[in-house]
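For the numbers below, each heavy atom of this structure counts, side chains included, while hydrogens, waters and symmetry mates do not. A, B, ... follow the sequence lines: proteins, then strands. Residue 1 opens every chain.
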2 protein chains.
Amino acid sequence: MPDEFQLDEQACFALYAASRAVTDAYRPLLGELGLTYPQYLVLLVLWESDARPVKEIGEALHLDYGTLSPLLKRLEANGLLTRARLPEDERTVVISLTEEGRFLRTRAAGVPSAIGCALGLDDASRRELITTLRRLTASATAYSLGGPDAQP
Amino acid sequence: MPDEFQLDEQACFALYAASRAVTDAYRPLLGELGLTYPQYLVLLVLWESDARPVKEIGEALHLDYGTLSPLLKRLEANGLLTRARLPEDERTVVISLTEEGRFLRTRAAGVPSAIGCALGLDDASRRELITTLRRLTASATAYSLGGPDAQP
DNA sequence: CAGAAATACCTTGCACACGATGTAATCGTG
DNA sequence: CACGATTACATCGTGTGCAAGGTATTTCTG
């Protein structure tokens with residue numbers, strides 16, 4: 001019987017390695033734009049719909065405030081976005097793109113297709129991979145929240 | 001036509017999110033053993049074959065010295081392994097498990113199956129996922145090394 | 001065999017990621 | 001309406017990851 005500790009048999013390691021390899025592929029492209037991959041993800045969210053509270057960005061990317069707060073501060077320092085308290089609710093901070101932040105989208109126009117090419121996946125296997133990974137993410141998240149033997 | 005910037009359509013983000021979700025699932029289990037996920041990966045490598053140079057561990061996990069050196073120092077400080085220069089080649093540092101490091105394997109016996117269960121993948125889709133991810137990793141790595149338009 | 005190149009590793013600096021803790025604002029309840 | 005709970009966010013500490021730069025040891029080359 002196979003060794004359950006065998007690295008090659010573990011989907012988790014394949015996932016971990018693939019994730020870093022893909023981020024590596026992004027690095028030179030995003031470096032041209034002065035961005036890291038997580039910063040690029042934040043911009044994707046904002047390009048899709050601007051002026052959102054930090055909470056929504058965190059939900060979209062599954063990132064907590066401890067990660068987002070300093071990241072957003074760096075993007076603000078680079079002139080890509082602004083932070084403003086909501087008058088109706090002084091607790092929430094709304095993140096809005098600056099003109100420069102909106103313009104960066106045109107400079108990033110080639111990135112998705114370049115990466116799509118780098119991954120070397122046809123459209124069908126890409127969709128299937130996304131489906132599998134989403135199921136896996138949901139399953140792992142449920143496990144984390146509920147614990148190995150959760151009793152509701 | 002679909003927006004190429006759409007977060008939901010990007011395999012990269014699914015990968016990034018899944019990788020972190022899986023690491024989250026490991027955290028409580030490994031926390032019991034006083035380990036992080038990358039530290040656990042190093043032990044997997046050493047449990048498979050002990051007394052290896054840092055270079056080999058890095059190749060197995062696709063990690064560089066900048067990550068491994070401090071990580072190995074922490075594992076050494078925790079009494080799980082030792083570092084020794086090779087007499088034949090004073091440049092290389094050989095990492096060997098201590099008695100405690102070897103024993104930890106028995107305490108970690110339940111981890112792989114617990115995670116396997118948490119991911120909720122049957123054996124077939126797990127293997128298929130690993131295959132897809134390995135192709136993807138190879139493709140992304142080749143892209144990173146060769147550049148978008150490499151001319152050998 | 002001397003000097004150059006390569007190798008193995010280490011350290012530093014920066015940017016995530018996450019747990020834990022703190023704070024101000026709002027909400028819910030009696 | 002007082003006051004405890006909740007919410008939204010910030011900060012701090014620790015541990016990765018990676019680029020860049022440094023050192024010591026070996027290997028290669030002329």
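- Rounding to whole angstrom units, CG of residue A:Asn78 and P of C:dA15 are separated by 9 Å.
- Among D:dG15, C:dA8, D:dG17, the nucleotide with an atom closest to any side-chain atom of B:Leu63 is D:dG17.
- Under the 30°/60° scheme for interplanar angles, the aromatic rings of A:Tyr26 and A:Tyr40 are found to be tilted.
- Of the candidates C:dA17, D:dT16, C:dC10, C:dA17 carries the atom nearest the A:Thr67 side chain, counting heavy atoms from C-beta on.
- A:Ile57 has its CD1 atom 14 Å from the P atom of C:dC16, to the nearest Å.
- Counting to the nearest Å, the C1' atom of D:dA8 and the CD atom of A:Glu90 are 12 Å from each other.
- At whole-Å resolution of the value, CG in B:Leu35 and P in D:dT16 are 10 Å apart.
- Under a cut-off of 6.0 angstrom, the local environment of CD in A:Glu90 is crowded, with over 12 non-hydrogen atoms contributed by other residues, nucleotides or ligands.
- In this structure, B:Thr141 and A:Ala21 approach most closely via the heavy-atom pair OG1-CB, 4.0 Å.
- Per the geometry, CG belonging to A:Leu86 stands 17 Å off P belonging to D:dT7, to the nearest Å.
- The side chain of B:Arg74 lies closest to D:dG15, out of D:dC18, C:dT26, D:dG15.
- Residue A:Arg91 has its side chain nearest to C:dA24 when only C:dC18, C:dA24, D:dT11 are considered.
- The CZ atom of A:Arg27 sits 11 Å away from the C1' atom of C:dC16 (whole-angstrom rounding).
- Look at CG on B:Asp64: it is 8 Å from C1' on D:dA19, rounded to the nearest Å.
- DNA chain C is contacted by both B:Asp24 and A:Pro87; B:Asp24 maps to the nucleotide lying nearer its 5′ end (nearest heavy atom per residue).
- If you check every strand for non-hydrogen atoms under 4.0 Å, A:Glu88 touches sugar and phosphate atoms only.
- Residue order along DNA chain D, read from the 5' end via each residue's closest nucleotide, puts A:Leu68 first among A:Tyr16 and A:Leu68.
- Considering only side-chain atoms of B:Thr36, the nucleotide from D:dC9, D:dC18, D:dT16 that sits closest is D:dT16.
- One finds a side-chain N or O of B:Gln39 lying less than 4.0 angstrom from the OP1 or OP2 phosphate oxygen of D:dT16.
- The two residues B:Ala18 and A:Leu136 have their closest heavy-atom pair at CB-CD2, 4.5 Å.
- Residue B:Pro38 has its side chain nearest to D:dG17 when only D:dG17, C:dC16, C:dC18 are considered.
- Taking atom OH of A:Tyr65 as the reference point, atom C1' of D:dT7 lies 8 Å away to the nearest angstrom.
- A perpendicular orientation is assigned to the rings of B:Tyr16 and A:Tyr37, their planes being inclined by more than 60° (bins at 30° and 60°).
- Nearest to the side chain of B:Thr92, among C:dA8, D:dT26, D:dC9, sits C:dA8.
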